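The next block holds one structure in the form of structure tokens; read it before the comments.
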Amino acid sequence: MEKTFDPQSVEGKIAARWEEAGVFRAGRTDRANAPAFCIVIPPPNVTGTLHMGHALNNTLQDILCRYERLRGRDVLWQPGMDHAGIATQMVVERRLAEHKEPDRRTLGREKFLEKVWAWKEESGGAILAQLKRLGASCDWSRERFTMDEGLSRAVVKVFVQLYKEGLIYKDKRLVNWHPGLQTAISDLEVAQVETKSFLWYFKYPVVDEMGADTGTFIIVATTRPETMLGDAAVAVHPDDERYKDLQGCNVRLPLVGRIIPIIADAYSDPEKGTGAVKITPAHDFNDFEVGRRHNLPQINIFDAEAKLSLQENEDFLLGLDDSIEAGIVLDDFEGLSREEARTRIVAMMEERGLVEKIEPHVHMVPHDEKSKSVIIEPFLTDQWYVDAKTLARPALAAVRDGRTRFVPKNWEKTYFDWLENIQPWCISRQLWWGHQIPAWYGPDGHVFVEASETDAEIAALAHYGAPTSLIRDEDVLDTWFSSALWPFSTLGWPEETPELKRYYPTNVLVTGFDIIFFWVARMMMMGLHFLGEVPFRDVYIHALVRDEKGAKMSKTKGNVIDPLNLVEQYGADALRFTLASMAAPGRDIKLSTQRVEGYRNFMTKLWNAARFAEVNRCGLKPDFDPHKVVVTLNQWIVAETAQAIEAIGTAIEIYRFDDAANAAYRFVWNVFCDWYLELAKPLLQTREAGESAENFVPDAAASEETRATVAYVLDVIVRLLHPFMPFVTEELFAQSHPGELLAAADWPRLLGCANPQAQAEIGFLVALVSELRSVRSEMNVPASAQIPLVVVGASQEHIAQILHSEETLKRLARVSELAFTTEAPPQSVQIIVQQTTFALPLAGVIDFDVEKRRLAKEISKLESEAQKIAAKLDNADFLARAPEEVVEENRERREEMLAKKEKLEAALRRFG
RNA sequence: GGGCGCGUAGCUCAGCGGUAGAGCACUGCUUUCACACGGCAGGGGUCACAGGUUCAAACCCUGUCGCGCCCA
């Protein structure tokens with residue numbers, strides 16, 4: 001074996017072996033009767049590349065899947081991607097521009113979609129290859145894409161059914177409009193960005209019933225002067241005494257000339273601005289509601305690019321007289337951007353003396369979530385909506401009554417809050433890439449929602465009584481509409497497939513909290529509605545991987561660490577282990593490469609333990625029974641191994657990946673390597689030619705058993721670590737099981753191996769060696785010096801144990817010879833281990849003043865500890881109220897400390 | 001403004017009623033035949049602060065300060 005494991009050269013080969021053997025395939029015939037375990041991957045974007053969040057997310061899923069596969073379950077980890085409507089369309093449009101090809105509109109819909117598919121085949125889905133490099137054990141043969149035929153069928157069926165159930169409808173409402181892309185976007189794709197701006201105070205002239213100026217003004221404060229062209233009212237709070245008299249009066253909207261009312265509505269906040277606020281129902285979500293309450297007109301002053309559009313704008317022109325001002329506005333403002341319009345309007349208002357004041361003001365402005373550069377415009381359009389409120393009810397109930405469980409539990413609060421306040425879900429997008437809405441319109445605008453054009457024509461025939469030509473709705477559906485079906489559409493729904501039957505509901509969805517709204521809630525709604533059953537039993541919410549300041553990693557911020565760089569540098573196993581060990585619930589991960597390096601070292605440690613086993617010819621024995629080992633050391637490690645198996649398995653099952661990883665780490669390094677292998681060395685050692693046989697060659701049976709035990713425990717370790725470090729463990733497994741694959745092997749089982757006696761004996765030995773090393777170091781005994789050890793007045797048990805491990809003790813503590821007495825030799829350094837005194841006769845070697853100081857320090861430490869305990873034990877309340885075992889424990893500790901202290905004091909006295 | 005969470009060793013973080021922990025970094029010793037990506041030993045903490053509950057608080061409660069995230 002090489003001195004270190006080289007991930008670079010091995011990972012690819014191992015991945016290929018997994019792939020060839022098809023070990024990740026669900027539905028293995030030998031597991032037909034095994035319980036199923038299923039996870040659907042949260043589908044990454046087809047445009048996406050692997051970032052740290054994916055690395056964490058998929059590492060955790062892979063740990064679960066590999067663990068359950070080893071445990072014998074029939075595992076389906078369903079991979080795939082979503083089509084990312086907006087992102088993909090943008091990518092392809094950008095590429096067309098870069099290659100100086102005709103743009104989308106010139107190409108036309110059909111040709112453009114061909115380009116998108118071509119792009120998808122060629123460069124889409126890079127992320128899946130990257131997941132494979134991480135070792136993700138998905139069933140790659142079942143890869144799905146939201147635009148696949150089957151999944152598209154599911155989308156159509158869901159749309160049609162929800163429409164017929166009245167849960168999908170068309171409505172004219174305000175949406176978040178992206179003027180650049182000219183499409184509606186979800187409110188989840190809008191980021192409110194704090195922006196420094198101004199509050200403009202405009203004077204609106206109050207008019208009488210005849211429309212003549214009264215000479216008074218009402219002053220409104222606004223953050224968006226340009227929308228005043230679409231004002232439909234001025235609102236004041238009903239209880240606001242300042243404006244009591246003006247309620248019900250009208251004002252003449254400056255520049256436009258429209259007569260609009262002063263209305264009373266509690267939306268107006270008397271504390272803000274002047275307490276009077278202009279109402280623009282077509283360009284503000286709150287104003288929209290106010291407008292509905294007061295039956296105000298909705299005057300949309302922008303076009304799809306958010307440029308002023310007033311000429312031929314019926315809503316705007318309605319009721320306007322031919323005032324000169326309106327004429328200027330109509331002609332000069334046409335086509336102005338929002339920013340230009342703002343400047344012009346403020347200037348015109350100032351010219352007319354209608355600006356009271358302008359104050360600096362910080363407020364939130366809606367931006368597009370991805371680029372954070374485009375300002376989103378609330379825009380009045382016809383769109384398709386899902387009645388999310390109705391679908392949310394069962395989704396809420398399912399979590400409330402525990403059919404689906406959040407881990408950690410507190411995330412359910414986020415889920416509840418969102419679903420309880422859910423708004424109608426706008427699902428139509430003015431894009432071409434996506435599932436085109438299955439709705440057809442007749443000449444009179446009557447809509448037919450059917451699964452196919454033929455069905456729509458049949459419906460039209462019935463409706464009109466004659467064949468009628470129909471036009472299909474051009475819009476496509478929100479990508480999340482299809483992602484919401486993912487847990488069952490990928491399993492073949494709407495067909496009643498065996499997979500659907502076997503794997504739905506899935507066991508767990510693993511995702512980040514930022515996705516609770518996007519996926520979890522919507523998958524819950526759709527799963528419950530269409531299958532009558534939750535899509536997953538557990539929702540494990542993991543941390544976000546952040547940068548060192550705790551900010552989200554993002555491309556625009558440039559603070560991303562590329563996981564693949566780390567994979568190249570340290571290996572996929574090291575990265576995976578790092579992420580797992582840091583996946584503690586409730587805290588975000590701040591990743592440091594040092595940590596990854598540390599786990600790379602761990603991998604090397606494991607590798608070298610295996611190398612040690614190889615050098616010492618520790619081969620697996622087929623008939624080896626860990627329950628039957630007779631050497632104490634072996635009994636001990638078997639007991640420890642059983643504990644480790646238990647601890648790691650349990651931790652994975654309760655999603656404590658950090659505990660599982662850390663338990664494995666400690667067991668391998670601090671138990672197996674640091675102690676077991678070191679203690680086993682004398683037992684493994686064979687006599688070199690010419691070397692004295694005396695005391696040195698262990699008996700052959702013990703040696704044989706130890707070899708077998710080393711091999712056995714190492715084999716267990718490799719299995720235990722496999723979910724975390726699949727590559728290095730697979731490579732090590734290949735050495736002991738040629739031709740087999742660890743990924744398809746079994747999780748270790750080891751029960752009934754507790755051995756208190758062996759654990760006590762090895763515990764004593766470990767404590768003794770540690771103490772001896774410690775005192776040697778403190779006394780500056782040269783590391784290479786072999787010194788005699790005198791055991792003073794030990795119990796029969798301790799004497800037996802010491803003799804039992806004599807060689808080991810000599811080796812690990814560098815002891816030259818052992819002696820047993822009842823009296824400590826003069827001029828010796830003394831330590832107390834489990835009530836037995838050990839003396840190192842070091843006269844002439846060490847400085848006794850140092851020893852005296854050491855003893856004094858130790859004594860005073862014991863004294864203060866003992867005092868603390870004494871204070872407790874002297875407290876009547878403590879004795880009366882603390883549990884008996886706690887009291888007893890403290891008594892014992894005090895006794896031990898006092899006894900030890902006495903012995904040390906005796907040792908100190910001997911130095912005079 | 002509402003919600004969630006965090007302040008524990010120089011750094012990154014576990015622990016969440018009963019003897020303060022890990023990894024990394026640091027210091028000393030160590031190239032002894034698995035591993036220097038190693039071994040051995042060691043230093044380092046009024047567990048943010050102030051009250052309270054309790055026989056007992058890093059841990060539970062209240063408040064304060066600081067920090068982060070989500071939603072408005």
Side-chain angles (χ1 to χ4, degrees), chain A residues 1-5 187-188 191-192 285-286 364 408 410-411 413-414 416-418 421 513-514 516-517 543-544 546 548-552 570-571 574 578 581-616 618 656 658-659 661-662 665-666 669-670 673-674 677-678 681 684-685 688 710 714 769-784 811-814 865-866 868-869 871-883 885-887 889-890 892-894 896-897:
Chain A
M1 278 175 81
E2 296 295 318
K3 214 168 170 180
T4 57
F5 171 69
D187 45 6
L188 294 173
Q192 302 292 335
F285 286 96
N286 290 312
M364 304 303 268
N410 49 320
W411 287 112
K413 198 169 166 41
T414 305
F416 290 148
D417 285 351
W418 193 69
N421 299 301
F513 75 87
D514 51 334
I516 290 175
F517 314 129
L544 237 51
R546 296 178 184 276
E548 56 283 340
K549 286 177 227 145
K552 257 185 178 177
Y570 302 107
T578 307
S581 75
M582 296 184 80
R587 192 194 277 258
D588 290 333
I589 295 177
K590 291 185 205 162
L591 196 67
S592 86
T593 50
Q594 273 193 337
R595 193 89 185 237
V596 185
E597 189 180 335
Y599 289 117
R600 187 273 318 269
N601 296 351
F602 173 60
M603 195 160 61
T604 307
K605 186 75 182 175
L606 169 69
W607 183 260
N608 277 287
R611 200 157 84 108
F612 172 83
E614 188 196 43
V615 169
N616 285 283
C618 302
R656 287 304 303 261
D658 56 332
D659 284 350
N662 295 336
Y665 183 97
R666 276 196 305 275
W669 200 315
N670 303 121
C673 292
D674 285 353
L677 290 184
E678 292 304 325
K681 277 175 181 174
L684 297 170
Q685 209 145 51
E688 296 293 323
V710 168
L714 198 57
V769 169
S770 300
E771 283 290 335
L772 286 169
R773 283 168 169 174
S774 188
V775 76
R776 284 176 61 118
S777 171
E778 267 180 85
M779 293 291 97
N780 294 314
V781 177
S784 54
R811 182 190 176 104
L812 296 189
R814 312 231 113 218
E865 275 295 308
K868 267 194 226 163
I869 297 171
K872 276 191 186 178
L873 290 168
D874 290 344
N875 184 338
D877 281 334
F878 175 73
L879 297 177
R881 293 177 197 250
E885 58 271 25
V886 173
V887 176
E889 198 186 307
N890 276 280
E892 278 168 22
R893 279 187 57 221
R894 180 173 62 175
E896 273 168 38
M897 267 181 242

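The figures here come from the full heavy-atom set of this structure, side chains too, leaving out hydrogens, waters and symmetry mates. In what follows, every chain begins at residue 1, and chains take the letters A, B, ... in the order their sequences are listed. Note that the structure is predicted; figures quoted are calculated from it, not measured.
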Classify the ring geometry between A/Trp411 and A/Phe513 as parallel (under 30°), tilted (30 to 60°) or perpendicular (over 60°). parallel
Between A/Arg776 (side chain) and A/Arg814 (backbone), is there a donor-acceptor pair under 3.5 Å? yes
Quick one: A/Lys3 NZ to B/rA36 P, roughly how many Å, whole number? 4 Å
Counting heavy atoms from C-beta on, name the nucleotide in B/rC70, B/rA72, B/rA14 closest to the side chain of A/Ala584. B/rA14
Could you please name the option among B/rA41, B/rA72, B/rG3 that lies closest to any side-chain atom of A/Arg773? B/rA41
Look at the side-chain N and O atoms of A/Lys605 and state whether any lies under 4.0 Å from the OP1 or OP2 oxygen of B/rG39. yes
Within the modelled atom types, does a donor on one side and an acceptor on the other bring the side chain of A/Glu771 and the base of B/rA41 under 3.5 Å apart? no
Pair partner, B/rC6 [Watson-Crick or wobble, under 3.5 Å]: B/rG66
Nearest to the A/Pro883 side chain among B/rA72, B/rA41, B/rG18, which nucleotide is it? B/rG18
Considering just the side-chain nitrogens and oxygens of A/Asn421, establish if one lies under 4.0 Å of OP1 or OP2 belonging to B/rC71. no
Side chain of A/Arg600, base of B/rC37: donor and acceptor closer than 3.5 Å? yes
Return the pairing partner of B/rC26 with a 3.5 Å limit on both distances, Watson-Crick or G-U wobble; otherwise return none. B/rG42
By nearest heavy atom, map A/Asn608 and A/Thr604 onto RNA chain B; which one lands nearer the 5' end? A/Asn608
Figure out the CG/C1' separation between A/Leu544 and B/rG5, and round it to whole Å. 13 Å
Do A/Tyr599 and A/Tyr570 have their ring centres less than 6.0 Å from each other? no
Before accepting this row, confirm whether a basic side-chain N of the pair A/Lys681/A/Glu678 lies closer than 4.0 Å to the acidic partner's carboxylate O. yes
